[in-house]
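Below is one structure, written out as structure tokens, with a few remarks after it.
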Number of protein chains: 2
Amino acid sequence: MVVDQLTSTEADRIFHALADATRRDILVQTGPGSEQSVSALARRYPISVTAVQKHVGVLQDAGLVTKARRGREQIVRIDTQALHTARLLLDQLEGLWRARMAQFGQVLGEQTKGDL
Amino acid sequence: MVVDQLTSTEADRIFHALADATRRDILVQTGPGSEQSVSALARRYPISVTAVQKHVGVLQDAGLVTKARRGREQIVRIDTQALHTARLLLDQLEGLWRARMAQFGQVLGEQTKGDL
DNA sequence: TTGATCTACAACCATTTGGTTGCACGTTAG
DNA sequence: CTAACGTGCAACCAAATGGTTGTAGATCAA
């Protein structure tokens, strides 16, 4: 398995999507039980509706949210699966390091133990 | 508590740093027991040394690696702590969603206030 | 029907990103 | 000492980002 390095375009998109405070907040706001329309989201931020549309588009390309039309509204809902994927990528990195540490028999003072 | 909100500039930097395949690979290559110089890293990729320097700089700004001079070389070493922080951020997001699901059927009309 | 909403999309703009080359400077090897 | 190596930095460039305004098409409320 390891890290996909080359075909990591998905990882690129996921991490890039998470690298913006507004987008991370959209993920929070559209969590389970509080799906919202694009315009409803836009009212929360000091930016234009179009800007929010673009943010949602980025999240969508990363697979972090889905859009579903409801009348004239477009409801944004998160896809928890993709975020899980993101965490798996981080776990893989840490896993690699731990494996390498084990090989070298090195001991670090910290317990980055798998609390997941 | 919860998401670091405004201090999220750190989150911005961490996720942005992770949003590039070359940088993620640098993290893998400089893992525990295999610290490498910038030029040694540069030989691994089809890009210039300067480009690698910049990538390392981005990782450094995110707190993901540290540089230590050794003679004429600059040794890049990972800081596992920062990556742990990144995973915590993801955990917080998932945690928020779970909390929200727990409040199912509750009052949905108001702002979840607090974040951003 | 009419008007207000919500979304979509094009065009535009400033800034950032990721890359390059060239040059200077300290360090190490012969 | 001299030459090669590793790094730092400035200047430059193309493309991507994140934002804007404007226009247009659906859909809903009255």
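What you see is a predicted model; the values in this text were computed from it and never measured. Letters go in sequence order (proteins before strands), and every chain restarts at 1.
- Distances from the side chain of B/H55 to the nucleotides C/dG19, D/dG19, D/dT17 place C/dG19 closest.
- Between A/A19 and A/R24, the shortest heavy-atom distance links the atoms C-NH1, 3.8 Å.
- The CZ atom of A/R69 sits 17 Å away from the P atom of C/dT5 (whole-angstrom rounding).
- Across every non-hydrogen atom of A/H16 and A/R23, the tightest pair is O-NH2, 3.1 Å.
- Protein atom NZ of B/K67 is 8 Å distant from nucleotide atom C1' of D/dT7, rounded to whole Å.
- We find that NZ of B/K54 is positioned 13 Å from P of D/dC13, with the value rounded to whole Å.
- In this structure, B/F15 atom CZ and C/dT16 atom P are separated by 22 Å, rounded to whole Å.
- Checked against C/dT20, D/dG19, D/dG18, the side chain of B/I47 finds its nearest nucleotide in C/dT20.
- Here C/dA8 is the nucleotide among C/dC6, C/dT20, C/dA8 with the atom lying nearest to any side-chain atom of A/Q74.
- Spacing between atom CD of A/Q36 and atom C1' of C/dC6 amounts to 15 Å, rounded to whole angstrom units.
- Each of A/D20 and A/R70 lies near DNA chain D, and the nucleotide nearest A/D20 is the one positioned closer to the 5' end.
- Nearest-nucleotide positions on DNA chain D place A/T50 closer to the 5' end than the other of A/T50 and A/R72.
- Atom-to-atom, CG of B/D61 to C1' of C/dT17 comes out at 13 Å; the value is rounded to the nearest Å.
- Here the P atom of nucleotide D/dA15 and the CG atom of A/D12 are 19 Å apart, to the nearest Å.
- For CZ of A/R70, the number of neighbouring non-hydrogen atoms (other residues, nucleotides, ligands) closer than 6.0 Å is 12 at most.
- Look at OH on A/Y45: it is 11 Å from P on D/dG19, rounded to the nearest Å.
- Checked by distance alone, B/S39 brings no side-chain donor or acceptor within 3.5 Å of a matching partner on the base of D/dC5.
- In this structure, B/R43 reaches the D/dG6 phosphate: one of its side-chain N or O atoms is under 4.0 Å from OP1 or OP2.
- Between A/V52 and A/V38, the closest heavy-atom pair is CG1-O, 3.9 Å.
- At the phosphate of C/dC9, neither OP1 nor OP2 sits under 4.0 Å from any side-chain N or O atom of A/Q53.
- Minimum interatomic distance between A/I75 and A/E35 (heavy atoms only, all atoms of both residues): CG2-CB, 3.6 Å.
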